[in-house]
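Notes follow the structure.
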Amino acid sequence: MKLLAVGTVAFDAIETPFGKTDKILGGAATYIGLAASVMKTDVSLVSVIGGDFPQEYLDMMTGKGINIDGVEMIKEGKTFFWSGKYHNDLNSRDTLVTELNVLENFDPKIPASAADAEVLLLGNLHPAVQLAVLERMNTRPKLVILDTMNFWMDLTWDLLMEVIAKTDVITINDEEARQLSGEYSLVKAAQKIHTMGPKYVIIKKGEHGALLFNDGKIFAIPALPLEEVFDPTGAGDTFAGGFAAHIAKSGKISFDSMKSAIIVGSAMASFTVEEFGTQRLGKVNQAELKKRINTFKELTTFEVEL
C-alpha cells in the first residue's frame, strides 16, 4: 500500500549533554520518510520549505526513493527552524528558538501520485492542516494515523477533537494521553481515547517502551537498551514512520500486524537516538534493521515454568 506522510521538513540546532550542532536536517516528515525508505516502502511527503533549503538534502531523499512531489518550495521564504537544549536525563528539554517561517501559512498540496494513498500519516502539525489533508484525499485512506502533542491540546482543542474523530490510530506519549483523557491510569486513558474515535491507541513511554491498545486488548514492548544515546530528537517521528511503513508494506490492518509494526517502529527509533538528528537514520540498511528486530525478539521472548 502507498504511504503518504504530512509533516515538517526543517532545520534543527540541537544541544545535549554529549555535544551540540549547528543547523542540521530535521523535521517530522524527514524522519518519517527516511524510516520508510529503509523498508523500501512507497512513501510520499507533503511539506513546505524555503529557498534556503539545500538541494543536496532533496537529492538525498529522492535517491532513497522518497517521493517529494508534495514538498513545496517557497523561494522567497525561509525553512522552519527549531533549536533546543536537552537536560541531563534527555527526557526533558528547553526550546530555545522556534521560527515558523514558511510553515506559518502552510497550505498542504497533495500530489496526484499520492492522493489515493491507502495509509495516511498525519505528522505533528496544526489540526487545521491535518483536516485539510484529509479533505483533499481522493478517497478516505484505509488507515489514518495521527501524531499530535500537548501543544495542540492547549491551543486548538476543538479542532483537534475533529481530527481525532476521523482517525484510526493515534500515537501520543504518556503525559499527552493523560492530558487528552483526564485519566491517570494509561489503561483508562486509552479506553477514553477510544471513545473519541481511534480504534487503536499507541502510548509511547520513551526509554520505557510503548503500549498498544485495541478493543480491550493490550500489547506492551520495552525500549531497546542501548550503549550510546546522543540525541532523542525525532525518535517519536521515526517510530511513527517505521510503524506506518510496516503497515503499508505488509498490506495488513489488524491488531496482530500493529504488534509487529510497533516493534519495527521501536527498532527504527533506536537508531535515530545514536547520533544527532537524521545522521544515523540516514545510514541504516535493511540488514541492520533486521538484526535489531531480532534483538528485540530475544529481549521479549521467554518461557516460564510454573
Quick one: closest heavy-atom pair of [X] and [Y], and the distance?
X: Phe296; Y: Pro222; value: CE2-O, 3.2 Å
X: Asp12; Y: Gly27; value: OD2-N, 4.0 Å
X: Thr233; Y: Tyr31; value: O-OH, 3.4 Å

Flag the pair Lys204 / Asp147 as yes when at least one side-chain heavy-atom distance between them is below 4.5 Å, and no otherwise. yes
Would you please classify the geometry between the Phe243 ring and the Phe239 ring as parallel, tilted or perpendicular, with 30° and 60° separating the classes? parallel
Distance check, rounded to the nearest 0.5 Å: [X] atom [atom1] versus [Y] atom [atom2]?
X: Lys249; Y: Ser260; atom1: NZ; atom2: OG; value: 15.5 Å
X: Leu121; Y: Leu3; atom1: CG; atom2: CG; value: 6.5 Å
X: Glu175; Y: Ile203; atom1: CD; atom2: CD1; value: 12.5 Å

Please confirm whether Arg280 makes a cation-pi placement over Phe271, using NZ or CZ under 6.0 Å from the six-membered ring centre and within 45° of the ring normal. no
Give a yes or no on whether [X] atom [atom1] has more than 12 heavy-atom contacts from other residues, nucleotides or ligands under 6.0 Å away.
X: Asp154; atom1: CG; value: yes
X: Lys20; atom1: NZ; value: no
X: Lys166; atom1: NZ; value: no
X: Asp94; atom1: CG; value: yes

Under a 4.5 Å side-chain heavy-atom rule over Ile, Leu, Val, Met, Phe, Trp and Tyr, are Tyr184 and Ile218 clustered together? no
For Lys78, what residues pass the side chain to side chain contact (heavy atoms under 4.5 Å, CB included) criterion, not counting sequence neighbours? Asp52, Asn101
Just by distance, do the side chain of Ser37 and the backbone of Ile66 share a donor-acceptor pair under 3.5 Å? no
Going by the rule salt bridge (charged side-chain N to carboxylate O under 4.0 Å, His left out), which residues pair with Glu275 if we only count those two or more places apart in sequence or in a different chain? Lys283
